[in-house]
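Here's the structure we're looking at; comments come further down.
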Amino acid sequence: MAVLNILIVEDNAGDRRLLRLALLEQAYECMVDEVDGAEAALEMLAQNAASVDVVLLDGRLNGANSTSVIDRIKGLAGTHIVVLTGSSSKAEHAEFISHGADAVMEKTAELDGLIENLSKLKRYAGLAKIRSNLRQQLQS
């Protein structure tokens, strides 16, 4: 299985630490980068979009709905976007999906619950391997 390259975009340092811990507890191998806001994420993706398999995006960066950030990320990269939100609103979840998010996960403050939720990212590891193989073939 390929290494899953994950970019955490979260403005809360405590939440970033918790996400990193939960990701390190997964059965799949992952490399984790993190940034504290949309501009830093867009800058990183503009320079190195091909190396990011999944963006874990806070649904409320600095208190604002992240739909415009989803639009901008999709314009830069074909990466998968998983929105993490404290909201249980189905309408808000649907809005994230309509803007191009691949999935929406509700945040939990409990490490065990977060580990369980993030285990769902394993499906992207298989896609990362396919992407990696295609890149190698194109470079040959």
Side-chain angles (χ1 to χ4, degrees):
M1 186 175 299
V3 173
L4 187 61
N5 294 299
I6 299 171
L7 174 62
I8 299 170
V9 184
E10 170 63 64
D11 55 358
N12 182 297
D15 286 352
R16 282 194 312 272
R17 267 191 307 277
L18 189 60
L19 283 166
R20 180 178 284 280
L21 285 172
L23 287 165
L24 294 175
E25 291 296 320
Q26 297 302 315
Y28 54 86
E29 188 178 353
C30 58
M31 296 286 298
V32 181
D33 286 312
E34 56 186 67
V35 294
D36 63 0
E39 293 309 316
L42 293 166
E43 210 173 285
M44 178 181 276
L45 289 167
Q47 295 171 6
N48 213 2
S51 69
V52 177
D53 299 310
V54 177
V55 174
L56 290 180
L57 178 66
D58 180 10
R60 294 230 175 255
L61 284 171
N62 297 318
N65 188 307
S66 294
T67 53
S68 66
V69 179
I70 295 168
D71 294 336
R72 292 171 66 193
I73 290 172
K74 285 293 186 180
L76 280 175
T79 188
H80 300 284
I81 300 173
V82 176
V83 176
L84 299 171
T85 180
S87 170
S88 60
S89 164
K90 298 298 180 202
E92 189 170 348
H93 292 199
E95 183 179 10
F96 291 131
I97 297 294
S98 74
H99 279 267
D102 295 281
V104 178
M105 289 184 190
E106 288 186 39
K107 285 184 181 179
T108 175
E110 297 175 16
L111 185 58
D112 289 341
L114 188 57
I115 290 169
E116 184 179 330
N117 280 348
L118 293 177
S119 70
K120 297 171 187 167
L121 295 179
K122 182 179 180 181
R123 70 181 179 162
Y124 296 114
L127 297 173
K129 183 175 183 176
I130 292 168
R131 268 177 75 182
S132 175
N133 289 342
L134 287 173
R135 275 195 295 263
Q136 287 175 354
Q137 289 174 6
L138 290 173
Q139 292 172 352
S140 300

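Nothing fancy with the numbering, it's 1 onward along the sequence. Side chains included, hydrogens not; waters and symmetry mates left out as well; all remaining heavy atoms used.
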Open item on the list: Show, in sequence, the C-alpha distance, side-chain angles and deciding distance for Val104 and Thr85, and conclude whether the side-chain contact (heavy atoms from CB on, under 4.5 Å) test is met.
Closed with: CA-CA 7 Å; Val104 178; Thr85 180; 3.6 Å; yes
request  = Please test Leu4 against Met31 for side-chain contact (heavy atoms from CB on, under 4.5 Å), starting from the C-alpha separation and ending with a verdict.
outcome  = CA-CA 6 Å; Leu4 187 61; Met31 296 286 298; over 6 Å; no
Working note: Asp33 + Ile6, criterion side-chain contact (heavy atoms from CB on, under 4.5 Å); need CA distance, chi angles, decisive distance, verdict. CA-CA 6 Å; Asp33 286 312; Ile6 299 171; over 6 Å; no
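Smallest separation of non-hydrogen atoms from Val9 and Gly37: CG1-O, 3.7 Å. Nearest heavy atom pair, residue Val83 against residue Ala101, reads CG2-CB, 3.8 Å. Of all heavy-atom pairs spanning Asn5 and Ser51, the tightest one is CB-O, 2.9 Å. Residues Ala38 and Val69 come closest through the heavy atom pair CB-CG2, 3.7 Å. In terms of heavy atoms, Val32 sits closest to Leu23 at CG2-CD1, 3.8 Å.
In summary, Glu10 and Lys107 engage in a salt bridge, as defined by a charged side-chain N under 4.0 Å from a carboxylate O. The existence of a salt bridge linking Arg20 and Glu25 is excluded, since no basic side-chain nitrogen approaches an acidic carboxylate oxygen closer than 4.0 Å. Looking at Asp11 and Arg16, no side-chain N of the basic residue comes within less than 4.0 Å of a carboxylate O on the acidic one, giving no salt bridge.
Applying the salt bridge (charged side-chain N to carboxylate O under 4.0 Å, His left out) rule to Glu43 yields no partners; only residues at least two apart in sequence or on another chain are considered.
With values rounded to the nearest 0.5 angstrom, Phe96 atom CZ is found 7.0 Å from Ser87 atom OG. Interatomic distance, CD1 of Ile8 versus CG of Asp36, reported as 12.0 Å (0.5 Å rounding). Annotation: the span from Thr67 atom OG1 to Glu92 atom CD amounts to 9.0 Å, rounded to 0.5 Å. Summarising the geometry, atom NE2 belonging to His99 is positioned 11.0 Å from atom OG belonging to Ser66; distances are rounded to the nearest 0.5 Å. Atoms CG and CG, on Leu84 and Leu19 in that order, are 5.5 Å from each other to the nearest 0.5 Å. With rounding to the nearest 0.5 angstrom, the NE2 atom of His80 is 14.0 Å from the CG atom of Leu7.
Counting only heavy atoms from C-beta outward, the side chains of Ile81 and Lys74 approach each other to under 4.5 Å. The shortest side-chain heavy-atom distance between Ile73 and Leu45 falls under the 4.5 Å cut-off. The shortest side-chain heavy-atom distance between Asp58 and Asp15 does not fall under the 4.5 Å cut-off.
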